[in-house]
Amino acid sequence: MIATIVHNGFLALRRDRGALVLCFVVPVVFFTIFAVIFGSMSGNSMPRVHVLVVDEDHSAASARLVRGLHRERALAIDTRPESKAGQSQPPEYTAATAEAAVKHGDVPAALIIPAGFGVDPISFTPGPGRKPIRILHDSSNPVAGQMVAGLLQKVAMTSLSGSMAELGTRYLALASGGLTPQQRQNLDANLARMHDQEERRDAQSDTGAVATGDNPGGLIAVETHDVIGEKKKNSMISYYAAAIGVMFLMFTASGAAGSLLDEAESGALDRILSAGVSMTTLLAGKLTYLVLLASSQLTLMFLWGAAVFHLDLFTHLPGFFVMTVVTSLTVAAFGLLLASVSHTRQQQASIATLLILTLSAIGGSMFPRYIMPETMQKLGLLSFNAWAIDGFTKVFWRDQPVWSLYPQVAVLLGFGAALFLLARHFARRWESV
Amino acid sequence: MATSTLASGIAIPLQIDSVVKSFGEVTAVAGISIDVHERACLGLLGPNGAGKSTLIRSIVGRVRPDSGSVRVFGQPASTPAARRQLGWVPQELALYPLLTSRENLGAFGHYQGLRGKALRDAIEWCLEWAALSDRADSFVKTLSGGMRRRLNMAAGLIHRPRIVLLDEPTVGVDPQSRNRIFEMVEALRTEGATVIYTTHYMEEAERLCDRIAIVDHGRVIVEGSKEELVTQSFGTRSDVLMRLTAAPTVAAWTAARGGTLQDDVAHFPVDRPSDIAALLDAAARDGLDVIDLVLRRPNLESVFLKLTGRDLRQ
């Protein structure tokens with residue numbers, strides 16, 4: 001008896017493709033995505049933090065520090081914009097252009113080495129005369145600012161060892177009541193040799209032999225500025241409103257678009273088409289409904305964010321409107337495509353679960369893309385979640401004008417148009433046979 | 001191709017000409033040609049899988065025939081003008097379960113192009129015609145099976161088409177609801193609609209249709225009025241069924257008069273009523289008491305059985 005029950009269970013499962021997908025495919029896909037994202041964090045494939053460095057000092061110490069930063073594997077350092085083919089080399093970043101780039105979201109952090117830094121680059125004690133390095137960061141990526149600050153101290157230890165020895169010598173002279181001329185001569189000779197070694201090391205190409213490990217010491221005076229978040233009440237609310245909103249929009253749209261399958265099953269679709277309503281008109285009607293539904297859902301989400309979490313919705317209404325409409329359009333077309341390729345509600349639900357969770361995971365709806373490996377971040381751009389989240393972030397976090405949304409709007413509209421055309425193509429099966 | 005107008009110059013409402021439709025290796029409709037005249041009620045009678053629904057779906061454009069044509073008042077059935085003249089009630093309950101009766105009618109009225117007062121009037125007419133006025137604002141899912149069937153009919157005919165295609169409209173309904181549906185069809189006919197009615201219940205075809213086409217294996221086997229079909233198959237012959245008192249001689253007595261004994265009932269073919277009197281006289285003369293006697297005229301089921309060798313409900 002038990003064997004028969006087990007046998008029947010497996011027979012039914014084998015013939016239910018949706019259940020098979022949910023049972024065996026979805027877990028493996030998710031395991032793979034999470035393993036790729038989080039499994040790589042213990043290895044050498046951690047995403048590098050892109051940092052702009054502005055050297056206003058142009059001293060030997062600042063140059064050594066910049067070279068040390070270049071050697072640091074966890075950082076991707078730029079001191080000037082990439083030159084375009086056929087054009088002369090662009091000028092180096094200034095404090096203003098670097099700050100603008102951070103505000104714009106081009107990079108998560110910038111380092112400004114101020115003029116006068118080289119006079120007294122490191123110290124064991126705080127002092128009024130020291131020129132602090134400024135770290136400008138965007139707290140929508142809370143990892144980057146902390147990481148840059150820590151790595152800066154580490155690089156100071158390894159790149160400015162000569163300066164540290166000099167400092168030690170000064171402390172020794174003060175503490176011992178003065179050095180003899182012979183002692184002074186020997187120390188100067190050794191310090192010169194250390195500087196020579198530093199110069200030779202800097203001249204060599206990066207061999208990967210840089211020491212690793214944390215070394216927070218406060219040797220270098222640092223000032224940290226959150227260039228956007230200092231004016232914001234809650235840094236991640238707009239991010240999650242968009243991220244979670246888009247994911248649930250996808251579930252809503254795919255569920256609502258399933259009415260096509262219900263109508264096909266009940267015969268209502270036949271009746272509508274026999275009345276002379278074309279399939280294109282029918283799909284356009286469904287699309288409009290889904291766009292309105294999705295827009296309402298997103299609006300509710302952001303209104304809730306505004307009411308409860310102080311999300312600044314009402315000063316960003318134009319950008320919110322644009323992003324809501326294009327995101328809803330894309331998600332609606334996605335729902336229609338799912339319905340048009342599926343033959344039953346169960347099949348549609350299985351495909352939807354697999355696709356939505358996958359797109360949401362790689363597109364940043366579940367966790368921010370900046371913590372993903374670089375390859376995964378690029379792969380995420382294939383999901384419209386990533387573009388929608390980027391657009392909403394531009395609006396609510398970076399306070400960028402509506403026109404600056406054109407890349408996100410263009411890509412989302414492209415996604416929407418392609419998905420709708422595909423849905424129309426697959427819906428041919430419901431037309432006359 | 002047949003002409004699409006009568007000698008009087010009036011276009012034939014529905015003209016089906018050599019329609020063929022196959023699905024893979026299965027031929028669902030194998031060259032059917034039928035003309036349906038104004039105000040006629042044509043019954044398509046046949047067992048499940050005979051090709052009736054495929055033919056209906058060909059007429060309303062849901063199936064593209066492999067060959068042949070369908071014309072509605074002289075125009076190809078696929079044209080918008082032709083479609084406006086057609087009203088189709090599919091076998092399935094093609095309704096929105098979460099909408100009310102009135103909302104369903106409104107939706108399908110919109111799809112048919114009705115707006116404003118015309119739509120409101122059409123909805124009221126439908127509710128009254130389907131006897132659903134008191135359930136106008138009930139959700140479909142709360143209606144009985146018979147009510148849903150009636151609403152299904154109303155939704156298909158809300159635009160008041162001149163040609164009505166009813167595809168097995170009484171499937172799964174109780175006798176009372178079935179009678180109500182018959183009354184609805186009769187009301188349509190009174191108003192001048194031309195009706196095509198598919199069924200595998202011969203009593204429905206006999207009651208509602210003035211012409212009947214018996215369909216089997218995708219072909220029209222025979223077409224005519226009920227009387228014509230019976231006469232074609234059986235002439236003027238009827239069956240007399242006699243139950244006699246049990247006696248050892250009954251079987252031999254029945255066989256001697258050209259009859260057969262089935263379940264203790266003697267069956268005799270007769271051509272004239274006077275033949276019955278002769279049988280009764282013979283029974284009395286031979287000492288057999290007649291307990292019960294029935295005169296049975298062959299019906300459409302008899303015709304179908306004779307023509308196909310199969311029962312209608314097989």
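Every heavy atom of this structure was used, including side-chain atoms; hydrogens, water molecules and symmetry mates were not. Residue numbering restarts at 1 for every chain, and letters A, B, ... go by the order of the sequence lines.
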Open item on the list: Tell me which one of B:F139, B:Y111, B:F108 satisfies ring-ring contact (aromatic ring centres under 6.0 Å, His included) with B:Y96.
Closed with: B:F108
- [ ] Select all residues of residues 78-94 of chain B having any heavy atom within less than 4.5 Å of some heavy atom of chain A, and report them by number, or 'none'.
- [x] B:R83, B:W88, B:V89, B:P90, B:E92, B:L93, B:A94
Open item on the list: Within the structure provided, determine whether A:M323 and A:L412 are in side-chain contact (heavy-atom separation under 4.5 Å).
Closed with: yes
Task: Greatest number of heavy atom pairs closer than 4.5 Å to chain A - which of B:Q112, B:R64, B:R57, B:R62 - done: B:R62
Task: Test item: B:I12 and B:V36 side chains (from C-beta on) under 4.5 Å apart, heavy atoms - done: no
Task: Point-to-point distance, once rounded to the nearest 0.5 Å, from CG of B:L14 to CD1 of B:I59 - done: 5.0 Å
Task: Salt bridge present between A:R428 and A:E431 (N-O < 4.0 angstrom) - done: no
- [ ] Would you mind reporting whether B:L55 and B:I196 have side-chain heavy atoms less than 4.5 Å apart?
- [x] no
Task: Residues of residues 260-288 of chain A within contact distance of chain B, non-hydrogen under 4.5 Å - done: A:E263, A:S266, A:G267, A:A268, A:D270, A:R271, A:I272, A:L273, A:S274, A:A275, A:G276, A:V277
Task: Check ion pair B:R102-B:E124 (N to O, under 4.0 angstrom) - done: yes
Task: Residue pair A:F320 / A:L311, side-chain heavy-atom distance below 4.5 Å - done: no
Open item on the list: Nearest 0.5 Å, please: how far is CG in B:N104 from SG in B:C126?
Closed with: 11.5 Å
Task: Structural part of B:A155 lying under 4.5 Å from a heavy atom of chain A - done: both
Open item on the list: Does the plane of the ring in A:H316 sit parallel, tilted or perpendicular to the ring in A:F396? Use 30° and 60° as the thresholds.
Closed with: tilted
